[in-house]
Each structure stands twice: as C-alpha cells, then as structure tokens.
Amino acid sequence: MSMDITFLGTGSAYPSPTRGASALVLRREGESWLFDCGEGTQTQLMKSHLRAGRITKIFITHLHGDHFFGLPGLLCTLSLHSNPGPSKPPVDIYGPLGLRSFLWRSLELSHSQLLFPYAVHELVPTRDQCPAEEFRDFSHLDGGEVPPQGPRGRILHLDPGESSYLLEEDEQLVLRAFRLFHRVPSFGFVLEEKPRPGRLNVQKLKDLG
C-alpha cells in the first residue's frame, strides 16, 4: 500500500504569509485524507501539487479554531468544483462531539448548499482528556434541531477494551482514534496496515528441493 504525506500547515494559533495553520494530507490508493483544516487550508491546497477534489475523508483532532476554522470554506469550494450526483459517496468527516452542529449551523447561516453529501462522525470524549474546568458537554447540541436533510453520521464511543475508537476497517487497514490530553478534548489518529501474506511459488520451491 503506497502512501505519502504533504504538510499544508504547521503553524499554531493563526496562519502567517509563510506558514499555514494546522493541516496535512495523506494520499493512499487514489484518495486524499485531510487531517485538520485550519484557516487558509484551501489556499495552501491550491499552492500544492494536490487536488482538493480527491479529498474523501477529513479528520479534526480538536475544536480549537486553528484546527478547524477552514472547514466550512473548504467544503464550499469543493462543492463549487463538483458535479451533483445522487450516487456520489459522502465525504466522511471525523471529529469531537460538537463538530456536526458547528458545520450545520455554519452552512445553514451562510445559505451554503453543498452539491455532495457529507457525514459527520463524532467522537464522544471522556472527562479526563482536559482540565476539569475546560470540559464542555456538547451532547445536547443536536437536540433534534438538525433537519432530516442535514448531515448524518455516527456517534462513536470509546472502546474500553482497546482504549480507542474504531473508525473504519477493511481488508487492508484499520483506522482508529485515541485520546490525547489538551486544553480541550483532543484526539490522535492511527492508520494501521494489516499484515499481508507473502506470495510463494510453491512449484518453484519443490523444484529447488
């Protein structure tokens, strides 16, 4: 499985003329996966060799603005360059609880209509991921307000046995999230390639004894 990583931004707090806010792209099997989407990420994409239209999954580590304020704008730009189609697969977005409400409200208030479906899969944090006074319970945010045509997605809870969140699994890899400690609940993501059996020419081995 071939993979490569492009850093679009490694800055903290805000973008600068020479350094973008947090964002990186992992390319594998013809797809691009975006990790964090700070302000200015789409500008950085335009300067790179990457094609924004290839982004199929987006992962947000935590809800500090320098890691996700660029997301509504990027989705709108992707929509401008996409062709509508009922069979188009959704862009899967993973992030902490509260991200679905933020995206829906941002797009709703700005009268932005995306030409592709998207799904927001929210990770439910535990209270020990940040200082007690910083923890906020966002489980009430959706509260039936998101309309039927709004973004769908799963609510993902910690698997105590694995101490992680299982996001996806296929024949080639397992994708998990794990808890990090920060000023607000934060998550890391691990992409693990499954062992692949070797290929042996049995007849050749027999011929060689």
Side-chain angles (χ1 to χ4, degrees), residues 1-10 20-38 41-42 44-45 48-64 67-68 70-71 74-75 78-79 81-82 85 87-100 103 114 116-126 129 151-182 184-202:
M1 182 169 59
S2 63
M3 294 188 291
D4 65 71
I5 292 177
T6 301
F7 290 90
L8 297 175
T10 57
S22 182
L24 69 85
V25 171
L26 181 146
R27 290 194 302 172
R28 64 171 292 271
E29 308 295 320
E31 296 183 32
S32 291
W33 295 1
L34 176 65
F35 292 81
D36 278 341
C37 188
T41 293
Q42 57 179 316
Q44 294 294 92
L45 275 167
S48 75
H49 62 284
L50 302 168
R51 293 175 58 184
R54 293 276 178 93
I55 294 174
T56 57
K57 299 186 191 306
I58 299 172
F59 304 86
I60 302 299
T61 58
H62 63 290
L63 300 184
H64 273 155
H67 290 258
F68 78 116
L71 187 51
L74 174 66
L75 293 177
L78 292 179
S79 181
H81 293 282
S82 68
S87 60
K88 196 174 178 70
V91 173
D92 286 307
I93 304 171
Y94 295 88
L97 198 66
L99 183 59
R100 182 184 298 134
L103 271 180
L114 303 184
F116 58 86
Y118 72 100
V120 183
H121 311 290
E122 295 183 304
L123 307 173
V124 179
T126 58
Q129 285 182 249
R152 298 295 94 195
R154 295 175 288 152
I155 300 293
L156 302 169
H157 294 270
L158 178 70
D159 179 347
E162 296 287 343
S163 242
S164 63
Y165 301 73
L166 178 62
L167 308 185
E168 288 197 20
E169 183 173 8
D170 60 24
E171 308 81 36
Q172 287 188 311
L173 57 86
V174 179
L175 181 61
R176 295 182 182 274
F178 57 93
R179 295 172 297 166
L180 296 172
F181 187 86
H182 190 37
V184 299
S186 184
F187 297 91
F189 300 96
V190 59
L191 181 66
E192 181 180 359
E193 188 176 9
K194 290 184 176 179
R196 288 181 292 175
R199 295 178 181 176
L200 294 176
N201 186 330
V202 177

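As a basis for the values below, the full set of heavy atoms in this structure was taken, side chains included, without hydrogen atoms, waters or symmetry mates. What you are looking at is a predicted structure, and each value in this text was computed from that prediction instead of being measured.
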Inset, instruction - Keeping the roles fixed (side chain from Tyr165, backbone from Val124), state whether a donor-acceptor pair exists under 3.5 Å. - result: yes

Inset, instruction - Indicate the atoms forming the closest heavy-atom contact of Ala23 with Cys37, along with that distance. - result: CB-CA, 4.5 Å

Legend entry - Within-4.5 Å side-chain heavy-atom neighbours: Asp92 and Ile58: no

Inset, instruction - Flag the pair Pro125 / Leu97 as yes when at least one side-chain heavy-atom distance between them is below 4.5 Å, and no otherwise. - result: yes

Legend entry - Validation row: Thr10, Leu24 side chains within 4.5 angstrom (heavy atoms): no

Legend entry - pair Pro90-Arg152: side-chain heavy atoms closer than 4.5 Å: no

Inset, instruction - Identify the two heavy atoms, one from Ala119 and one from Gly153, that lie closest to each other, and give their separation to 0.1 Å. - result: CB-CA, 4.3 Å

Inset, instruction - Could you list the residues that satisfy salt bridge (Lys or Arg N to Asp or Glu O under 4.0 Å) with Glu169, not counting sequence neighbours? - result: Lys194

Legend entry - Shortest non-hydrogen separation from Tyr118 to Leu103 and the atoms involved: CE1-CD1, 4.1 Å

Legend entry - Side chains of Val190 and Val174 in contact at under 4.5 Å (non-hydrogen atoms): no

Inset, instruction - Please round to the nearest 0.5 Å and tell me the distance separating atom CD of Glu193 and atom CG of Leu173. - result: 7.5 Å

Inset, instruction - Answer yes or no: is there a side-chain heavy-atom contact under 4.5 Å between Val25 and Ile5? - result: no

Legend entry - CG-CE distance between Leu26 and Met3, expressed to the nearest 0.5 angstrom: 6.0 Å

Inset, instruction - Could you tell me whether Lys57 and Glu168 make a salt bridge, using a distance below 4.0 angstrom between a side-chain N and a carboxylate O? - result: yes

Inset, instruction - Hey, could you give me the CZ/OG distance between Phe7 and Ser22, rounded to the nearest 0.5 Å? - result: 9.5 Å

Inset, instruction - Could you tell me the separation between the CD1 atom of Ile55 and the CG atom of Leu74, rounded to the nearest 0.5 Å? - result: 5.0 Å

Inset, instruction - Identify the heavy atoms of Leu166 and Arg176 that sit nearest to each other, and give their distance. - result: CB-NH1, 3.9 Å

Inset, instruction - Using the test ring pair (Phe, Tyr, Trp, His ring centres under 6.0 Å), find all partners of Tyr94 that sit at least two apart in sequence or belong to another chain. - result: Phe59, His121

Inset, instruction - Check whether the side chains of Ser32 and Arg51 place a donor and an acceptor atom closer than 3.5 Å, and report yes or no. - result: no

Inset, instruction - Check whether any side-chain heavy atom of Gln129 lies under 4.5 Å from a side-chain heavy atom of Leu180, and answer yes or no. - result: no

Legend entry - Pairwise side-chain contact, Val91 with Thr56, heavy-atom cut-off 4.5 Å (strictly under): no

Inset, instruction - Taking side-chain contact (heavy atoms from CB on, under 4.5 Å) as the test, write out the residues that go with Val184, two or more places apart. - result: His62, His64, His182

Legend entry - Exam field: side chain Arg100 to backbone Val120, donor-acceptor pair closer than 3.5 Å: yes

Legend entry - Rounded distance (nearest 0.5 Å) linking atom OG of Ser82 with atom CG of Leu75: 10.5 Å

Inset, instruction - With sequence neighbours left out, write down each residue that passes salt bridge (Lys or Arg N to Asp or Glu O under 4.0 Å) with Arg27, or none if nothing qualifies. - result: Asp4

Legend entry - Gln44 (side chain) donor-acceptor with Leu8 (main chain) under 3.5 angstrom: yes

Inset, instruction - Look only at the side chain of Gln42 and the backbone of Gly70, and say whether a donor-acceptor pair between them is shorter than 3.5 Å. - result: no

Inset, instruction - Hey, could you give me the CG/CZ distance between Leu123 and Phe187, rounded to the nearest 0.5 Å? - result: 4.5 Å

Inset, instruction - State which residues pass side-chain contact (heavy atoms from CB on, under 4.5 Å) with Ala52; sequence neighbours excluded, sorted by chain then number. - result: Leu45, Leu78

Inset, instruction - Taking all non-hydrogen atoms of both residues into account, name the closest pair between Gly38 and Thr41 and its distance. - result: O-OG1, 2.6 Å

Inset, instruction - Establish, from distance only, whether the side-chain atoms of Arg28 and Gln172 form a donor-acceptor pair under 3.5 Å. - result: yes

Inset, instruction - Give the C-alpha distance, both sets of side-chain angles, the deciding distance and a yes or no for side chain to side chain contact (heavy atoms under 4.5 Å, CB included) between Phe181 and Ser186. - result: CA-CA 6 Å; Phe181 187 86; Ser186 184; over 6 Å; no

Legend entry - With sequence neighbours excluded, residues passing side-chain contact (heavy atoms from CB on, under 4.5 Å) with Glu171: none

Inset, instruction - Over all heavy atoms of both residues, which pair between Pro185 and Pro96 is shortest? Give the atoms and the distance, please. - result: O-CG, 4.4 Å

Inset, instruction - Check whether any side-chain N or O of Asp36 sits under 3.5 Å from a backbone N or O of Thr61 as a donor-acceptor pair, and report yes or no. - result: yes

Inset, instruction - Could you please spell out the steps behind the side chain to side chain contact (heavy atoms under 4.5 Å, CB included) verdict for Arg179 and Ser163? - result: CA-CA 8 Å; Arg179 295 172 297 166; Ser163 242; 3.7 Å; yes

